[in-house]
Amino acid sequence: MTTQQKVNLLGLSRPQMEEFFLEMGEKKFRAQQILKWIHHHQADSFEQMTDVGKALRQKLSEVAEIRGPDVAHESISRDGTRKWVFELSGGGSVETVFIPDGRRGTLCVSSQVGCAVDCSFCSTGKQGFQRDMTSAEIIGQVWQASRAFGPRRNLGEHPITNVVMMGMGEPMLNYDNVLTAMRIMKDDLGYGIGKKRITLSTSGHIPRMDQLSQDLDVSLAVSLHAPNDELRNELVPLNRKYPLKELMAACKRYSDNITHRHKTITMEYVMLRDVNDKPEHARQLVKLLNGIPVKVNLIPFNPFPHAGYERSRKSDILEFHKYLNDNGLLTTVRTTRGDDIDAACGQLVGQVQDRTRRSERWKQSIFHRSEQTDNNTAQAQ
Ligand code: SAH
Ligand code: SF4
């Protein structure tokens, strides 16, 4: 049997792992043993699994594997932010970022190679869409980052306390694989990360927001970026399909459906100089968000070559922030982390390239971007 035909156990949630063992004619409890070996003990081979009999280890190595994404490059920022470029066995590469902040450690995880949504201010979008990541590739980022911090003694000591699905890709357009990976993040036999500490960020795919509220209790962030349809159509093209009025109603439904007390949805708002940062935008935003339990996170735009946008002036960000807070919207400004290693929001492109080669690639990609967007957006809806 070739390696490609083997089942990658890294990407199986507990029920899937149980099914796998039952189909092999083994007992269900094996699933728990193996999950612990993979995610708690960070094992990458069956040889290490000392409480599993030799015969079963042999059988497993014939039909299954534990294969994470390969680390192609790792960088550490002045501020302690770490970034990994992962080379995927299924093709392409993605980036994953770890942001330490006191006792909290947030891992920003990618879900697709590239992205079809093509937001006008996002470097991942400029790259076009290549493919969906498998569940093993998605959870494999958590697994590899966790291995980079050394052996885990227990869940509480783990440096990864939070996960945000805010890396490359639109998680709702790779829904099933993202869901499986998030189930493993939450599972005590996986990473034991609580529902409030896992956040899925979406550019606003309404049907999948409704679906998620039925399937799994996690926190939601919505990439809003504009307070009216005209501007949002330009910045986030998915808005043409799912406009603001419907999006706001979906946010309200999501918030009503989730069970934990912390029902707040985070609204992300990138601050683009002279584009969406004027007092009139702040006024419209207050009106738009009226009656929905939200907190607003203002993200100073992170530039990249040929972006065509600039970061808002500091004074404009402060004024915008003050207006929202004064008008009853709990608002924070996101500190930019890891920008010296291109690890800040929207700077992720999954390439180990120098800046010049990167910008050449961007120029080229602009031409085939629109076709891909049409295909993939259509496919995903
Ligand atoms: N596709 C999802 C999640 C990944 S993007 C989404 O769009 O929500 C994560 C966040 O980074 C989003 O809010 C996105 O709009 C923001 N972002 C993208 N490009 C950015 C840039 N250049 N500067 C600042 N934030 C950016
Ligand atoms: Fe895709 Fe999110 Fe970037 Fe938009 S902001 S192009 S949805 S990754």
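Order of appearance sets the numbers: ligands from 1, and atoms from 1 within every ligand.
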Would you call [X]-[Y] a salt bridge at under 4.0 Å N-O?
{"X": "Lys83", "Y": "Glu95", "value": "yes"}
{"X": "Arg313", "Y": "Asp274", "value": "yes"}
{"X": "Arg67", "Y": "Glu65", "value": "yes"}
{"X": "Glu26", "Y": "Lys59", "value": "yes"}
{"X": "Arg273", "Y": "Asp277", "value": "no"}
{"X": "Arg131", "Y": "Glu137", "value": "yes"}

Side chains of [X] and [Y] only: does a donor on one sit below 3.5 Å from an acceptor on the other?
{"X": "Asp132", "Y": "Gln112", "value": "yes"}
{"X": "Glu170", "Y": "Ser203", "value": "yes"}
{"X": "Arg30", "Y": "Gln33", "value": "yes"}

Original post:
Below 2.8 Å, any N, O or S contact between Cys122 and atom 1 (Fe) of ligand 2?
Top reply: no
Find all atoms of ligand 1 within a distance of less than 4.0 Å from any non-hydrogen atom belonging to [X], and give their numbers and elements.
{"X": "Phe121", "result": "15 (O), 17 (N), 18 (C), 19 (N), 20 (C), 21 (C), 22 (N)"}
{"X": "Cys122", "result": "18 (C), 19 (N)"}
{"X": "His225", "result": "13 (O), 14 (C), 15 (O)"}
{"X": "Gly169", "result": "1 (N), 2 (C), 3 (C), 4 (C)"}

**OP:** Considering non-hydrogen atoms only, spot the tightest contact between Ile160 and Ala145 and give its length.
**Re:**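 Heavy atoms of Ile160 and Ala145 come nearest at CD1-CB, 3.9 Å.
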Subject >> Ser203 near ligand 1 by a heavy-atom separation under 4.0 Å >> reply: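 Yes, Ser203 has heavy atoms under 4.0 Å from ligand 1.
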**OP:** Consider ligand 1: state whether an atom of it lies below 4.0 angstrom from any non-hydrogen atom of Ala221.
**Re:**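 It does not; every heavy atom stays at 4.0 Å or beyond.
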Contacting atoms of ligand 2, where contact means under 4.0 angstrom from a heavy atom of [X]:
{"X": "Ser203", "result": "7 (S)"}
{"X": "Gly125", "result": "6 (S)"}
{"X": "Val117", "result": "7 (S)"}

Original post:
Considering Ser111, Cys119, Ser201, which one's heavy-atom position lies nearest to atom 4 (Fe) of ligand 2?
Top reply: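 Nearest heavy atom to atom 4 (Fe) of ligand 2 lies in Cys119.
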**OP:** Nearest heavy atom to atom 4 (C) of ligand 1 wins, so pick from Gly167, Ser201, Ser223.
**Re:** Gly167
With heavy atoms under 4.0 Å as the rule, classify the contact between [X] and ligand 1 as side chain, backbone, both or neither.
{"X": "Thr202", "answer": "backbone"}
{"X": "Asn302", "answer": "both"}
{"X": "Glu268", "answer": "side chain"}

**OP:** Establish, yes or no, whether the cationic atom of Arg232 lies under 6.0 Å from the six-membered ring centre of Tyr242 and within 45° of the ring axis.
**Re:**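 Geometry flag: not set, cation outside 6.0 Å or 45°.
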Subject >> Asp118 and ligand 2 - part of the residue with a heavy-atom distance under 4.0 Å >> reply: backbone
Subject >> Shortest protein contact, atom 2 (Fe) of ligand 2 (heavy atom only) >> reply: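 So the nearest neighbour among protein heavy atoms is Gly169 O, 4.4 Å.
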Subject >> Protein heavy-atom partner closest to atom 1 (Fe) of ligand 2 - residue, atom, separation in Å >> reply: Cys115 SG, 2.3 Å
